[in-house]
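Below you'll find the structure, written out as structure tokens, and then a few comments.
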Amino acid sequence: MPEGVPVSPASLSCRSLSPRLRGALLGLLVAGLTLPLLALFGELRATGPLLLTVLGLGGLAGAFSLSRRLLLGGAGVLAGVLAACLLTPVLRGPLSALVVSQPPVKADAIVVLGAGIQCGTGSMNGASLSRLTRGLELWRAGYAPLLTVSEQSGRLGPRDCPKLSALQRAEVAALYGDQGPKLLTLPSVTTTRDEAARVRDLARQNGWRRVLLVTSPWHSRRAQALFRGYGVDAVSVPARETGFDLTLPTPADRLYAFRVLTYEGLSRVKAALGGTPER
């Protein structure tokens, strides 16, 4: 340092840190910046302990030269991909490829697939309410005499979280009283595969030949393929999307589209590797 050049306390403090410690702090910073994305993508499964684990792994990776370079390289690639997806509507094509929307026809049952729940307030989230609303619209139009609703397993959310099926039953009772549709519960489901298996069993027991499948638009193609893979003739009549605008006019809409495309892509990879066993 040349004479006469002032040195700030912050500069001295930074210089006093070892290269490994500086790298660890950099790794913590990179990991910390990814936590909002992980929380958005992971939803119920992105728990506090998991986020802390990712933060710790980021610090550990930053402490060593090779892993630090890999961490920074991966962060750079992710930043570039996100920038392209958020600044342009490039995801419209891939998103539309996830959607199967068919005209409703007469069926034996309307299958309303489960979505999210707000455990703290004990209420359905927008996707769950939209799916139930669409199912009731189809029932009122006379397409089928009954609906199925899903009871999430204890693997999803806190133990004291209310069951989605109970909230849906309460909503239908509040709207129609004793004049509402018959409701059948698909018990203890963790995945769409579980729901398909439960409906297959009900179809065999009750002689159902066709069901109307109600889910979010971006989930419709994979859900229909799963149900048909279990031998269920499922006609896809998706609900309205309430989480984002499917035409992707804003960066916020595009971020949500990036999330669902990533989720659906990973779900297909999981299925190719053997999937999740029925619960």
Side-chain angles (χ1 to χ4, degrees), residues 39-46 95 98-102 104 107 109-153 156-158 160-192 194-196 198-199 211-224 227 234-247 252-253 255-257 259-260 263-264:
L40 175 65
F41 286 20
E43 293 188 352
L44 291 175
R45 294 178 178 85
L95 185 64
L98 298 180
V99 180
V100 175
S101 182
Q102 299 170 309
I110 300 162
V111 177
V112 178
L113 296 186
I117 185 172
Q118 297 171 350
C119 295
T121 60
S123 58
M124 292 179 279
N125 70 4
S128 291
L129 188 56
S130 177
R131 295 180 189 187
L132 179 61
T133 299
R134 179 59 170 150
L136 291 172
E137 288 174 354
L138 294 168
W139 166 72
R140 288 198 305 271
Y143 285 108
L146 62 90
L147 278 70
T148 71
V149 293
S150 296
E151 173 196 71
Q152 79 272 26
S153 76
L156 299 176
D160 59 349
C161 191
K163 295 301 183 183
L164 175 60
S165 55
L167 295 177
Q168 291 172 316
R169 285 179 175 276
E171 182 74 13
V172 173
L175 290 172
Y176 300 104
D178 295 334
Q179 305 304 312
K182 180 180 180 181
L183 298 178
L184 297 179
T185 298
L186 308 181
S188 189
V189 301
T190 302
T191 65
T192 308
D194 297 343
E195 292 172 306
R198 306 288 189 274
V199 172
V211 302
L212 300 182
L213 186 61
V214 179
T215 186
S216 298
W218 49 266
H219 184 232
S220 56
R221 184 174 298 277
R222 181 167 63 91
Q224 185 184 57
F227 273 72
V235 177
S236 176
V237 282
R240 297 171 186 83
E241 178 55 58
T242 59
F244 66 109
D245 187 331
L246 291 170
T247 65
D253 295 312
L255 177 61
Y256 203 99
R259 173 213 172 274
V260 299
Y263 178 85
E264 288 296 301

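FYI, the numbering just counts along the sequence from 1.
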Check your understanding: Are E195 and R198 close enough for a salt bridge, meaning some N to O gap below 4.0 Å?
Key -> no
Are R169 and E151 close enough for a salt bridge, meaning some N to O gap below 4.0 Å?
-> no
Using modelled atom types only, decide if a donor and an acceptor are shared between the side chain of [X] and the backbone of [Y] within a distance under 3.5 Å.
| X | Y | result |
| --- | --- | --- |
| T191 | D194 | yes |
| Q168 | L132 | no |
| D253 | D245 | yes |
| S165 | T185 | no |
| Q152 | L164 | yes |

Looking only at side chains, do [X] and [Y] share a donor and an acceptor under 3.5 Å apart?
| X | Y | answer |
| --- | --- | --- |
| S220 | T215 | no |
| W218 | E241 | yes |
| S123 | Q118 | yes |

Any heavy-atom pair between the side chains of [Y] and [X] that's under 4.5 Å?
| X | Y | answer |
| --- | --- | --- |
| I117 | P162 | yes |
| L184 | L147 | no |
| V235 | V211 | no |
| T192 | F227 | yes |

To check you understand the geometry: which heavy-atom pair defines the closest contact between [X] and [Y], and what is its length?
| X | Y | answer |
| --- | --- | --- |
| V112 | S150 | O-OG, 4.0 Å |
| I110 | G135 | CD1-O, 3.6 Å |
| N125 | A115 | OD1-CB, 4.3 Å |
| R131 | V214 | O-CG1, 3.5 Å |

Residues pairing under ring pair (Phe, Tyr, Trp, His ring centres under 6.0 Å) where one sits in residues 118-152, two or more places apart or in two chains, turn out to be W139-Y176
Applied to residues 111-130, the ring pair (Phe, Tyr, Trp, His ring centres under 6.0 Å) test, sequence neighbours excluded, yields none
Contacts of T133 meeting side chain to side chain donor-acceptor pair (under 3.5 Å) (sequence neighbours excluded), chain-then-number -> none
